[in-house]
Amino acid sequence: MFNVFISFSTLFFCLGLDQWYVREYHGANNKLQLFKESLVPGFMSLTIVVLFLIFFDVSLSELVFDYK
């Protein structure tokens, strides 16, 4: 169950931008800007979720496994 949760989290927080980065890499003039554009949205969504979990004192194991 833990492996399924980690795999889903990885897919969710990547937002498919890893594939977009690979497709656009050779056509981009500014590769550093392209890297930033593919990294920032996923990082921001991960940060928001982590801050939400910390602020509301939600246990991740309680959410995923219904274990207190």
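Every heavy atom of this structure was used, including side-chain atoms; hydrogens, water molecules and symmetry mates were not.
- Heavy-atom neighbours of Phe35 CZ from other residues, nucleotides or ligands within 6.0 Å: at or below the threshold of 12.
- Judged purely by atom type and a 3.5 angstrom limit, Ser7 has no side-chain atom pairing as donor or acceptor with the backbone of Val4.
- Hydrophobic clustering of Ile, Leu, Val, Met, Phe, Trp and Tyr side chains at less than 4.5 Å, counting indirect connections, keeps Val22 apart from Tyr25.
- One distance of note links NE2 of His26 with CG of Leu34; it measures 11.0 Å at 0.5 Å rounding.
- Val64 has its side chain out of reach of Phe2: every pair of non-hydrogen atoms, C-beta onward, lies at least 4.5 Å apart.
- Hydrophobic cluster membership differs between Leu32 and Tyr21, with clusters built from Ile, Leu, Val, Met, Phe, Trp and Tyr side chains linked at under 4.5 angstrom.
- Met44 and Leu51 end up in different hydrophobic clusters when Ile, Leu, Val, Met, Phe, Trp and Tyr side chains are linked at under 4.5 Å.
- Between Phe43 and Phe13 the shortest side-chain heavy-atom distance does not fall below 4.5 Å.
- For the atom pair Gln33 CD and Ser38 OG, the distance stands at 10.0 Å (nearest 0.5 Å).
- If you chain together hydrophobic residues whose side chains sit under 4.5 Å apart, Phe12 and Leu60 fall into the same group.
- There is no path of hydrophobic side-chain contacts, each under 4.5 Å, that joins Leu15 to Phe8.
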### Task
Kindly determine whether Val50 and Leu46 satisfy side chain to side chain contact (heavy atoms under 4.5 Å, CB included), including the steps that lead there.
CA-CA 6 Å; Val50 168; Leu46 177 64; 4.2 Å; yes

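- Note: Glu62 CD to Leu53 CG = 11.0 Å, rounded to the nearest 0.5 Å.
- At least one side-chain heavy atom of Glu24 sits less than 4.5 Å from a side-chain heavy atom of Trp20.
- Using a 4.5 Å cut-off on side-chain heavy atoms (C-beta onward), Leu39 and Leu17 make no contact.
- Taking every heavy atom of both residues into account, Ser45 and Gly42 meet most closely at OG-O, 2.9 Å.
- Rounded to the nearest 0.5 Å, atoms CD1 (Ile54) and CZ (Phe56) are 12.5 Å apart.
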